[in-house]
2 protein chains.
Amino acid sequence: MLPISVVERETGLAKDTLRIWERRYGFPKPLRDRNGDRIYTVQEVERLRHIKRLVDSGFRPGKVIAGRIADSPNPRSIDAEAKPRVDHHVAQLLVLVKRQARRELSNALLEQLGELGLRRFVLERIAPLTTLVGESWARGELSIHGEHLYAEFANGILRTAAAGLETALAPPRILLTTLPGEPHGIGLLMARCLMALESAETISLGVETPIADMVAAAEKHEAQVVALSVSQAFNAAELLKLLPVLRQRLNSTTQLWLGGQGAAKAKLRLRGIALVTSLSEIAPTIAAWRGAAPEPTHNVYKA
Amino acid sequence: MLPISVVERETGLAKDTLRIWERRYGFPKPLRDRNGDRIYTVQEVERLRHIKRLVDSGFRPGKVIAGRIADSPNPRSIDAEAKPRVDHHVAQLLVLVKRQARRELSNALLEQLGELGLRRFVLERIAPLTTLVGESWARGELSIHGEHLYAEFANGILRTAAAGLETALAPPRILLTTLPGEPHGIGLLMARCLMALESAETISLGVETPIADMVAAAEKHEAQVVALSVSQAFNAAELLKLLPVLRQRLNSTTQLWLGGQGAAKAKLRLRGIALVTSLSEIAPTIAAWRGAAPEPTHNVYKA
DNA sequence: TGCAACTATTGTCTAGGACAAATATATTTA
DNA sequence: TAAATATATTTGTCCTAGACAATAGTTGCA
């Protein structure tokens with residue numbers, strides 16, 4: 001028997017949303033404790049998590065809750081297009097992730113890292129695998145803890161791999177982080193690896209940095225670029241609410257780069273924000289920045 | 001001009017709390033947009049963050065907002081006792097963190113890791129430094145992005161250091177994570193290092209795992225122990241709400257260990273939960289587990 | 001078929017009331 | 001004086017019920 005605050009945490013559904021679903025659709029229908037406060041059963045929470053998944057992948061709550069959505073069949077969109085091109089190696093890795101075969105997964109990843117080198121490993125293995133893992137999770141083929149476990153593995157490997165790269169540094173100095181509410185840090189790590197491979201100086205703040213602190217950090221470290229990673233799951237409305245605030249408060253000579261699966265949600269409406277549509281665009285984007293040689297700002301670098 | 005949802009994210013104050021402070025104390029007093037929705041100024045948000053800090057360190061909102069609290073002077077409790085014993089090396093590291101001297105900090109940490117070895121490095125440097133960083137932040141001597149940056153550094157170093165330890169494994173198999181709402185993962189990484197040094201098998205799920213998934217993961221991986229890290233800042237009421245739920249849903253033969261600065265908040269009221277009061281207790285606790293030899297469960301290990 | 005106008009759905013916001021838990025203060029007892 | 005108990009205040013979270021903008025889906029028209 002769980003109170004509404006716990007259910008909010010467990011499911012990611014706002015209290016307001018839980019209440020209005022109850023009012024509109026008759027589900028969930030929690031019992032009340034002696035104070036009249038809602039208390040939810042574990043079963044309800046389980047179903048809510050399921051519904052949340054479907055809603056996140058594009059279905060409408062009204063229909064899902066009414067039970068008018070077939071359960072497993074392909075959550076539209078993704079399917080026919082994406083699947084055919086899955087590389088054989090990546091597909092095999094996905095199997096290991098789903099099985100949560102820790103040892104095997106670890107061995108396979110390390111081996112392929114050694115074989116391909118960091119750049120190709122990131123672009124051809126981790127990036128597509130991360131996308132597939134996200135999709136599998138959305139389809140319900142992978143548990144949340146399975147996804148967590150994968151994230152930890154990728155995190156460890158990328159960090160270890162990147163540890164050796166901090167050598168010769170050239171501008172731009174890039175501040176890396178995610179918006180508040182965006183807990184996925186893998187994209188950030190991938191980006192950091194690729195930027196480091198271009199000898200750019202990266203400063204990572206980890207995930208979920210409040211806007212005000214991004215601005216402060218950019219000034220403090222005299223970053224020429226602030227790069228944000230936005231995952232598929234990130235709320236589009238939230239994104240369009242936060243970005244203008246950030247852009248406006250950031251020094252106008254500081255560039256703002258947006259990458260990740262969810263970056264496209266920021267459409268092209270927004271001025272002063274560069275979309276880095278894929279990881280392979282990072283190198284060209286840095287090259288372009290260097291080419292444009294935007295007045296050697298505050299600090300001068302020695303090559 | 002920020003809407004209430006953004007302010008909630010930026011400050012960590014619930015919408016309900018923002019509204020009731022306005023009603024009761026007259027601050028914040030946001031303007032309204034054309035729909036009558038609250039919009040906050042950047043200054044208000046700044047002050048709210050300041051107030052939040054003071055409240056978290058024990059002051060009462062009513063007084064703080066009325067301005068009846070002197071600004072900087074020592075937020076009680078911590079002070080006379082903690083300071084005297086700060087090791088010289090750690091104090092120097094703290095200075096680097098505050099200066100956000102990335103290169104120097106990195107060098108100093110790596111050097112000391114090499115000098116002391118992982119175990120002592122964790123126990124004598126990272127652990128006390130993390131505590132100091134947390135306190136400095138609470139006192140307002142360190143910005144949030146300063147804390148983020150430190151967390152990233154520590155994260156990178158500990159992960160890299162731990163990467164080499166995955167060799168001979170013996171029980172118990174330990175599942176590591178934090179509760180939903182607890183984003184601090186450093187304690188987890190430190191614990192993982194120390195556990196790995198005892199040759200225990202660790203499975204880290206990263207931070208903020210929903211209760212249901214901890215239970216599922218523990219079963220899936222047949223973990224004998226679930227270990228949670230709780231930071232100082234974690235809400236005590238939340239902790240006492242979540243732990244019984246977890247304990248109850250977890251297999252009764254699975255032990256639940258609680259560590260971190262905030263673990264003490266779970267007092268001794270709770271049955272079936274072991275407090276690991278400090279990092280140096282980890283080794284003895286594992287030894288004790290092995291000594292008790294709780295019926296060689298499901299799977300048998302070969303030494 | 002393509003585009004504009006209309007309708008339905010949905011999440012988030014509002015107000016103001018209530019109450020339990022935590023904390024502070026006053027009073028009594030040892 | 002110190003400790004224990006009772007009373008008062010403070011505080012966050014929950015409640016109901018109404019409103020509306022933004023998005024998604026549907027219809028009508030060129």
Side-chain angles (χ1 to χ4, degrees), chain A residues 1-9 11-27 29-40 48 51-52 54-66 68-69 76-77 181 234-242 265 267 269, chain B residues 1-9 11-27 29-40 48 51-52 54-66 68-69 76-77 181 235-241 265 267 269:
Chain A
M1 291 285 118
L2 314 170
I4 197 169
S5 57
V6 170
V7 177
E8 176 179 43
R9 278 266 153 87
T11 62
L13 294 163
K15 291 192 251 277
D16 273 334
T17 305
L18 289 168
R19 295 199 194 100
I20 207 141
W21 282 8
E22 180 181 345
R23 203 202 296 175
R24 286 189 184 144
Y25 315 121
F27 180 87
K29 203 154 208 161
L31 298 174
R32 303 303 182 111
D33 65 12
R34 75 184 59 192
N35 313 319
D37 290 3
R38 291 169 174 80
I39 43 174
Y40 297 78
L48 282 169
I51 293 172
K52 172 77 165 15
L54 292 175
V55 170
D56 281 346
S57 67
F59 292 100
R60 310 204 73 182
K63 313 234 170 191
V64 177
I65 296 178
R68 265 176 288 148
I69 298 291
R76 65 175 151 195
S77 66
F234 197 77
N235 183 277
E238 189 77 8
L239 185 63
L240 293 170
K241 217 188 286 178
L242 290 174
K265 289 176 186 161
K267 298 178 186 167
R269 297 183 203 165
Chain B
M1 291 286 117
L2 314 171
I4 196 168
S5 56
V6 170
V7 177
E8 175 178 44
R9 279 265 152 87
T11 62
L13 294 163
K15 289 193 252 277
D16 272 333
T17 305
L18 289 168
R19 295 200 194 98
I20 207 140
W21 281 8
E22 179 181 346
R23 202 202 300 175
R24 287 189 183 143
Y25 314 123
F27 180 87
K29 202 153 209 161
L31 300 175
R32 302 304 181 112
D33 66 11
R34 75 185 57 192
N35 313 318
D37 291 3
R38 292 170 173 79
I39 44 175
Y40 298 78
L48 283 169
I51 293 171
K52 173 78 165 13
L54 292 174
V55 169
D56 281 346
S57 67
F59 292 101
R60 311 205 73 184
K63 313 235 170 188
V64 177
I65 296 178
R68 264 176 289 149
I69 298 291
R76 63 177 153 192
S77 67
N235 183 279
E238 189 77 8
L239 186 62
L240 292 170
K241 215 187 288 177
K265 288 175 187 162
K267 298 178 186 167
R269 296 181 203 164

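Model, not experiment: these values are computed from the prediction.
Contact annotation: B:Thr17 does not reach the phosphate of D:dT11 (side-chain N/O to OP1 or OP2, under 4.0 Å). Phosphate proximity of D:dT13 to A:Lys15: absent, as no side-chain N or O sits under 4.0 Å from OP1 or OP2. At the phosphate of C:dT10, neither OP1 nor OP2 sits under 4.0 Å from any side-chain N or O atom of A:Trp21. Note on A:Arg24: every side-chain N or O is 4.0 Å or more away from OP1 and OP2 of C:dT9. Considering only side-chain N and O atoms, A:Arg19 lies nowhere under 4.0 angstrom from the phosphate OP1 or OP2 of D:dT16.
For A:Arg38, the listed nucleotide lying nearest its side chain is D:dT16; candidates were D:dA19, D:dT16, C:dC13. Comparing C:dT14, D:dT13, C:dT12 by their nearest atom to the side chain of A:Ile20 picks out C:dT12.
For the pair B:Leu2 CG and C:dT12 C1', the interatomic distance rounds to 17 Å; values are reported in whole Å. Between the CD1 atom of A:Ile4 and the C1' atom of D:dC15 there is a distance of 10 Å, rounded to whole Å. As rounded to whole Å, 17 Å separates atom P of D:dC14 from atom CZ of A:Arg34. Put simply, CG on B:Asp33 is 16 Å from P on C:dT12, counting in whole angstrom units. Straight-line distance from the NZ atom of A:Lys52 to the P atom of C:dG11: 11 Å, rounded to whole Å. In this entry the distance linking CG of A:Leu18 with C1' of C:dT12 reads 13 Å, nearest Å. In this structure, B:Phe59 atom CZ and C:dA22 atom C1' are separated by 17 Å, rounded to whole Å. Computed from coordinates, the A:Arg60 CZ to D:dT26 C1' distance equals 12 Å when rounded to whole Å.
A salt bridge is absent between B:Arg38 and B:Glu8: the closest approach of a Lys/Arg side-chain nitrogen to an acidic carboxylate oxygen does not fall below 4.0 angstrom.
Using a 4.5 Å heavy-atom threshold, the side chains of A:Phe27 and A:Ile51 count as touching.
Between the base of D:dG18 and the side chain of A:Arg23 there is a donor-acceptor pair shorter than 3.5 Å.
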Legend entry - Residue pair A:Ile20, A:Tyr25: steps toward the side-chain contact (heavy atoms from CB on, under 4.5 Å) verdict: CA-CA 8 Å; A:Ile20 207 141; A:Tyr25 315 121; 6.0 Å; no
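If you find the closest nucleotide of DNA chain D to B:Val55 and to A:Asn35, the one lying nearer the 5' end belongs to B:Val55. Nearest-nucleotide positions on DNA chain C place A:Tyr25 closer to the 5' end than the other of B:Asp16 and A:Tyr25.
To the nearest 0.5 Å, atom OH of residue B:Tyr40 and atom CG of residue B:Leu18 are 4.5 Å apart.
The heavy-atom pair separating B:Lys52 from B:Gly12 by the smallest distance is CE-O, 3.9 Å.
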